[in-house]
Amino acid sequence: NAGVTQTPKFRVLKTGQSMTLLCAQDMNHEYMYWYRQDPGMGLRLIHYSVGEGTTAKGEVPDGYNVSRLKKQNFLLGLESAAPSQTSVYFCASSPGVSAGLVKGNEQFFGPGTRLTVL
Amino acid sequence: AQSVTQPDIHITVSEGASLELRCNYSYGATPYLFWYVQSPGQGLQLLLKYFSGDTLVQGIKGFEAEFKRSQSSFNLRKPSVHWSDAAEYFCAVGAGTGGFKTIFGAGTRLFVKA
C-alpha cells in the first residue's frame, strides 16, 4: 500500500499561471481533503469530498477548485496563482462514517507539496 | 464556532524528562479529538484519538492524552521524552456530521535537548 501520494512534491509558479495538484489514495477511502499549511496557522481546510463526484468548500476555498471524478483521486486546481497561495499543501483521506465512528474519522496524510508563487 | 487553541508555540524539554502539551477546544457537542505529529518534511501522522468512553486514551510511541470536559482540554503527555520525539504536534477537533471536518490547532513545536 502506498497510502496517500501527492504529485508534484515541489513547484514554482509565476503569478497568474495555473496548475493542478494530484492526490491519490489506495485505501478505498470515502473522504478526501485538501489543506494548506502556513507558519503559525496550523492546517486550514480548502475543500473536501465525501464521495466520488461530490465536493464541498472548506475554510479557505477562494482561488481553488477541486474535482473528484474517481474515488481514489482528488485534484486541486489553481486557475490563476497568486503569491498568497505560496504554501505547503497536504492531501488527506479518511474511511468515512461508513467505517464506523471509531475508524471513520482517522485521517491519513500525504507527504505534501511545497508551492511557491513568485 | 469550533476552534482549537494550543497555547504553546514551542516547548523545549530534556531527553528523559516528562512532557505535557496543552490543547483547549471550543465545540458545542461531544467532540471528536485527535493529536497528530508531523516530523520535518513529512505529512501528519495520527498519535491518538478520543470519541467517547474512557477519558484517558493511549496512543502510539508511548503518548497518552486525557479528555477533560469541564476544562475543554485534551492535553497530550509522555512520561519520558526521546530525542526522536522532536517534531510538531497538532491537536484537532472533528466537526460536522460524524466529525469528518477536522479543525486543527496552530501546532506546538517540540525541541528535545540532550
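These figures come from a predicted structure and were not determined experimentally. In what follows, chains carry the letters A, B, and so on, assigned in the order in which the sequence lines appear, proteins first and then strands, with residues in each chain numbered from 1.
- Listed options B:Gly105, B:Gly43, B:Gly41, B:Gly107 were ranked by heavy-atom pairs under 4.5 angstrom with chain A; first place goes to B:Gly43.
- In this structure, CD in A:Gln37 is found 9.5 Å from CZ in B:Phe104, a value given to the nearest 0.5 Å.
- Hydrophobic clustering keeps A:Met32 apart from A:Phe90 (ILVMFWY residues linked when any side-chain heavy atoms are closer than 4.5 Å, directly or through intermediates).
- With a 4.5 Å cut-off on non-hydrogen atoms, B:Gln38 touches chain A through its side chain but not through its backbone.
- For A:Leu43, the parts lying under 4.5 angstrom from a heavy atom of chain B are both the backbone and the side chain.
- Surrounding CD of A:Glu79 are at most 12 heavy atoms belonging to other residues, nucleotides or ligands under 6.0 Å away.
- In the hydrophobic clustering of this structure, B:Leu44 does not group with A:Ile46; members are Ile, Leu, Val, Met, Phe, Trp, Tyr whose side-chain heavy atoms approach within less than 4.5 Å, directly or through other members.
- Linking ILVMFWY residues whenever their side-chain heavy atoms come closer than 4.5 Å, directly or via other members, places B:Val57 and B:Phe63 in the same cluster.
- A donor-acceptor pair under 3.5 Å links the side-chain atoms of B:Tyr36 to the main chain of A:Gln107, judged by distance alone.
- Looking at B:Ile9, neither its backbone nor its side chain comes within 4.5 Å of chain A, counting heavy atoms on both sides.
- In this structure, A:Val66 is a member of the same hydrophobic cluster as A:Met19, with clusters built from ILVMFWY side-chain heavy atoms closer than 4.5 Å.
- A:Glu106 is not listed as a side-chain neighbour of B:Tyr32, based on a closest heavy-atom distance of 4.5 Å or more.
- Of the atoms belonging to A:Gln6, not a single heavy atom falls under 4.5 Å from chain B.
- Hydrophobic clustering places B:Phe90 together with B:Phe34 (ILVMFWY residues linked when any side-chain heavy atoms are closer than 4.5 Å, directly or through intermediates).
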Checklist entry - Step by step, would you call A:Tyr33 with B:Thr102 a side chain to side chain contact (heavy atoms under 4.5 Å, CB included)? => result CA-CA 10 Å; A:Tyr33 316 80; B:Thr102 303; 5.6 Å; no
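- The shortest non-hydrogen separation linking B:Ala106 to A:Gly40 is CB-O, 3.4 Å.
- More than 12 heavy atoms of other residues, nucleotides or ligands shown are found within 6.0 angstrom of CZ on A:Arg44.
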